[in-house]
Number of protein chains: 2
Amino acid sequence: MVETRDKILDSAEHLIQSRGFSAISYRDISDEVGIRKASIHYYFPTKNDLAVAVVERYRDVLAKLMAQSYDAHGSDALSMLDDYFGVYLSFQDQPERICLCGALAGDYPVLASDTQMSVDEFFLDHENWLKMVLETGESSGQFKLSGSAGEIASWILVSLQGALIVGRATNSPQKIIEVQSLLRRSLTAPSAIGGDIQDAVA
Amino acid sequence: MVETRDKILDSAEHLIQSRGFSAISYRDISDEVGIRKASIHYYFPTKNDLAVAVVERYRDVLAKLMAQSYDAHGSDALSMLDDYFGVYLSFQDQPERICLCGALAGDYPVLASDTQMSVDEFFLDHENWLKMVLETGESSGQFKLSGSAGEIASWILVSLQGALIVGRATNSPQKIIEVQSLLRRSLTAPSAIGGDIQDAVA
DNA sequence: GTCTATACAAAGATAGAC
DNA sequence: GTCTATCTTTGTATAGAC
């Protein structure tokens, strides 16, 4: 049986992803869950309490996914990268939604400080994990890095977050696939293959 | 002398950039401009009217910048690209702000349809201009494209927008410089220079 | 063109019955 | 735990005087 608390979190999560934190209300959530506004306050006294809980749960889900990916193929950086891309690919059949923390980052200055901290840590989690993946791939020879692992990790993150946000506004969900393809290429192709070598040397 | 209408637009613009569209009110603007709420309604009857006007002005400013860049060095793609990067670099000394249309894209589903259209067109303007720059650079040999010009134009746009949004949330304004450096490298370096060639051939 | 005044709806939040 | 009822503030928007 699904707890009321979880239903509230589910509703809040997707409403924030779809409309943004400032634009949603206790009324929106109570309509969806089928309870009264006051009942939400029982679980989450303030809107900020709700925000923190939603982000923490979201962080955990993603952290588990990343940990599982590492367990499954911790020495295969390309597979881990593809697992990470898969998270963003899953937004394709929910074109109204973007990453929860991407959405909250849009409202960042109006969030309470503990919500800000959670969002911040979400991004750092991902950057650190991606950095590990890139270093693994560089060691194994799968990747050829054109900059520091940390910088490229950050680039991957912002590219994908940006693709979700801009892609939603331009009705182009394929942006995510395109970005993934280009990122993959720039990491795996040391370029200058075949006919290009002459140009590179010249 | 600065018109009241322009003061309102100035205030609305930076408030949206800083806090997001849903989070700002006529009161916020009236406080800043020093007039009454009702006076804002004289110029912009509805909040949506205000949003459209702010976006249209912003679009025009950027379109003029891009046109000027083309006039100044229409055959030097690298200079045009650096001009474009300069727009995003200018956010470094205003760390609370992001691109107006990046901010509005975060609220996209709750915007009225004509505001949505303007935001959409803003992004298309930039993609098209970047595509032209990339094609120019490819023709002249300045750039070596690892995908279609359109795809890479989109990638540049989403990378920079993402860098602004995530960079604000992680207090890392240097993300913008890092992304620019990596983008520039991936466009200008056919990689495999010097010692790397052996690896590429192997 | 800017103001005061106000209408009306919606917001977050709390008290207290059940 | 969930409800009804209510408080208080804030929001968008309008009417009409000056």
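In what follows, every heavy atom counts, from backbone to side chain, and hydrogens, waters and symmetry copies are set aside.
- Of the listed nucleotides (dT14(C), dT12(D), dC3(C)), dC3(C) has the atom at the smallest distance from the side chain of S39(B).
- Using a 4.0 Å cut-off between a side-chain N of Lys or Arg and a carboxylate O of Asp or Glu, D31(A) and R36(A) do not qualify as a salt bridge.
- Spacing between atom OH of Y42(A) and atom P of dG1(D) amounts to 4 Å, rounded to whole angstrom units.
- Under the 4.0 Å criterion applied to side-chain N and carboxylate O atoms, D107(B) and R19(A) are not assigned as salt-bridge partners.
- Here the C1' atom of nucleotide dT14(C) and the CD1 atom of I40(A) are 15 Å apart, to the nearest Å.
- Taking atom OH of residue Y43(A) and atom P of nucleotide dG12(C), one finds them 19 Å apart after rounding to whole Å.
- Separating the CG atom of D49(B) from the P atom of dT12(D) is a distance of 13 Å, rounded to the nearest angstrom.
- Salt bridge status for D120(A) with R168(B): absent, with no side-chain N to carboxylate O gap under 4.0 Å.
- In this structure, F44(A) atom CZ and dG1(D) atom P are separated by 13 Å, rounded to whole Å.
- Ion pair R59(A)/E121(A) flagged as a salt bridge, since at least one NZ, NE, NH1 or NH2 atom sits closer than 4.0 Å to an Asp/Glu carboxylate oxygen.
- Taken residue by residue, residues 20-38 of chain B places heavy atoms nearer than 4.0 Å to DNA chain C at I35(B), R36(B), A38(B).
- Atom NZ in K7(B) sits about 13 Å away from atom C1' in dT2(C), given to the nearest Å.
- Side-chain contact check for D83(A) versus L65(A): every heavy-atom pair is 4.5 Å or farther apart.
- A salt bridge between E127(B) and K175(A) is present, with a side-chain N of the basic residue lying under 4.0 Å from a carboxylate O of the acidic one.
- For dT2(C), the OP1/OP2 oxygens have a side-chain nitrogen or oxygen of T4(B) closer than 4.0 Å.
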